[in-house]
Amino acid sequence: MLEVIVALIPIVVLLLLLVILKMPAITSMSITYVVTVFLAVVVWKVTALVVGAASIKGVFVAAEIFLIVLGAIFLLEVMKSGRLLPLIRSFMRKISPDKRVQAVIIAWSFGAFIEGAAGFGTPAALAAPLLVGLGFTPFAAVIVALIANSAPVSFGAIGTPILIGIGTSVESTPQLLHSVGVFSALIHGVIALFLPLLISCVVSKFSLKQSFWRGLELWKFCLFAGAAFAVPYVLIAWLLGPEFPSLLGGLIGFGLVIAASRFYGKSKVRLSEMKTLWPYALAALLLVVSRIPFVNRWLREVSLDVSNLFGTTISYSFLPLVSPGVIFLIAGILTVLILSLNRKRVFDAAGATLHKGVTAFVALSFTVALVQVFINSGMNASGLASMPLVLAQSFASLVGNAFVVFSPFIGAFGSFITGSNTVSNLLFGVFQQDTAAALGISTIVILALQNVGGAIGNMLATHNILAASATVGLTGKVGRVIQHNLVPAVVYALLAGVVGMLLLAVL
């Protein structure tokens, strides 16, 4: 019991500093990092070498995430310098002057497609600055972008959370992974029908400064937007497997929602006017091409590896040619060339990019470093399991037969502390499978609930919030974002658990 209480301390400290005391992220993260290291060394008996290796890996991972932020900001700044943003604003306002409609199209439909191609928090980093460019408040843009980047995450980066997260953490077969994908899509799909409605309500409150419930005025459009993604999403998971549900579901949904907007509110926009989004389409095309299997294998041959840091088993590998951040930078450079921007405008765009992004890097480094110490605490001389596994095991024993309902919360907890659905699945996949076997229930459904929960936790993951906030110049609001996204995340996880119980009842 003592180790459970101790393992909870970093989480409690982080929430206390960020949410209750509302300290800046850099202060909260640095203090929590020190607390985590202290507990890992004193209680878990983790050596200084492991702490150092985990911390350095955390800085490397933070730099990789930061590169995505820089790429997204640079592309936006180039578009500003090339005077493309006024054209995009005009296009979006032709679709609808209603910011609620604009948010659904950008954060939900377009964001789902980007998540399917790139993953790793990329949609929020892209959608948030684009929404701000359309007149949204930075705070509203970040909240909306993170809420929207939930259901698509389980199939992000061409199915990485399932193919890598589940596939390498449990004894899996192609059939098992396909089944986990189908059930993940079914669980998400039911709830995803209503997410655009939630987005509409959030925009009403935080951007339009009106009643939260005013968002319900758009219920027909929002339900259509939800179905335009969810229906192809589920069908593609069933017919094609876990690589393409978010990618193709998002693309189909984006086209359908744009087309539907011509009827909703009597929009005068023509589909041909979507060409104003060509820099983002260029980035998306490069992302998709980089994920084509034979191209991806070729690009992965270029790798920067650091193995066995300080003699531990902790290693890091960076694949620059498949990194979304590098791809966004390439898209930005190509946009510069296509627009024939002069040197001054390019330097102005680069300067604005560094000014907006660099302040988040230190906080991001502490965040990911403490996460790496937390999850690598299993490498110890005490014989204890890692801190997150101790907490998960304790939680499972506490809830007993109600495990099905709470299974998504374990997945969400994993992505909350790591910022990754894939890493959450790697951490807790085998635990979820073993628990399901012990309880005599379907391991496929439980693994699907883990995968779904891992997507939900992205709404609250601190370094996802930091990354999205950095793209819009929002600082010191991490705690407030967590506060406002906590209720949607908890409700989503509860609904996922209920849907999981219904699936078990009919199997």
Side-chain angles (χ1 to χ4, degrees), residues 1-19 28-29 31-46 50-51 54 58 165 169-170 367-380 382-436 438-439 446-447 449-463 482 486 489-490 493-494 496-497:
M1 184 62 185
L2 177 61
E3 60 266 23
V4 176
I5 295 173
V6 173
L8 270 174
I9 290 175
I11 309 298
V12 172
V13 169
L14 180 60
L15 293 176
L16 175 66
L17 297 178
L18 274 177
V19 180
S28 302
M29 294 306 165
I31 292 173
T32 308
Y33 170 77
V34 172
V35 170
T36 305
V37 168
F38 176 80
L39 296 174
V41 172
V42 174
V43 180
W44 257 253
K45 308 298 182 186
V46 178
V50 171
V51 169
S169 66
V170 306
T367 302
V368 188
L370 77 87
V371 165
Q372 288 297 320
V373 172
F374 196 70
I375 65 180
N376 283 289
S377 57
M379 300 168 58
N380 60 62
S382 67
L384 294 171
S386 66
M387 292 184 189
L389 194 54
V390 164
L391 290 175
Q393 289 171 337
S394 173
F395 181 74
S397 64
L398 181 67
V399 299
N401 291 332
F403 180 76
V404 177
V405 174
F406 291 101
S407 176
F409 286 91
I410 295 174
F413 169 68
S415 57
F416 165 67
I417 62 172
T418 67
S420 169
N421 195 164
T422 300
V423 177
S424 177
N425 290 348
L426 285 168
L427 272 175
F428 297 129
V430 69
F431 164 72
Q432 296 262 24
Q433 186 183 53
D434 289 348
T435 305
L439 294 173
I446 294 299
L447 286 173
L449 288 170
Q450 159 64 37
N451 190 43
V452 169
I456 295 167
N458 273 263
M459 294 188 201
L460 307 172
T462 306
H463 57 270
I482 292 176
L486 183 60
V490 169
L494 281 173

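Quantities reported herein were computed from a predicted structural model and do not represent experimental measurements.
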Should the ring pair F409 and F406 be called parallel, tilted or perpendicular, given that the plane angle runs from 0 to 90° and is split at 30 and 60? tilted
Considering residues at least two apart in sequence or located in another chain, which fulfil the side chain to side chain contact (heavy atoms under 4.5 Å, CB included) criterion with S377? W44, V46, S386, M387, P388
Looking at every heavy atom in both G411 and S424, which two are closest together, and how far apart are they? O-OG, 2.7 Å
Looking at every non-hydrogen atom in both residues, tell me the closest pair between F403 and L439 and how far apart they are. CB-CD1, 3.7 Å
Check: F416 and N458 side chains under 4.5 Å, non-hydrogen atoms: no
Between E3 and V43, is any pair of side-chain heavy atoms under 4.5 Å apart? no
Donor-acceptor check, side chain of T36 to backbone of T32, threshold 3.5 angstrom: yes or no? yes
Checking the side chain of T435 only, and the main-chain atoms of F431 only, is there a donor and an acceptor separated by less than 3.5 Å? yes
I need the T462 OG1 to L370 CG distance, nearest 0.5 Å. 8.0 Å
Working to the nearest 0.5 angstrom, can you tell me the gap between I446 CD1 and D434 CG? 12.0 Å
Would you name the heavy atoms of A7 and F374 that are closest together and state the gap between them? O-CE1, 3.7 Å
Residues N425 and N451: closest non-hydrogen pair is ND2-OD1, 2.9 Å
Could you measure the distance from the CG atom of L426 to the CD1 atom of I375? Nearest 0.5 Å is fine. 9.0 Å
One should read off an interatomic distance between I456 CD1 and L449 CG, to the nearest 0.5 angstrom, of 9.0 Å
V405 and P408: which non-hydrogen atoms are nearest, and at how many Å? O-CD, 3.3 Å
Using modelled atom types only, decide if a donor and an acceptor are shared between the side chain of N380 and the backbone of K45 within a distance under 3.5 Å. no
Quick one: does M29's side chain get under 4.5 Å of L14's, heavy atoms only? yes
On a heavy-atom basis, the closest approach of S415 and A461 is O-CB, 3.4 Å
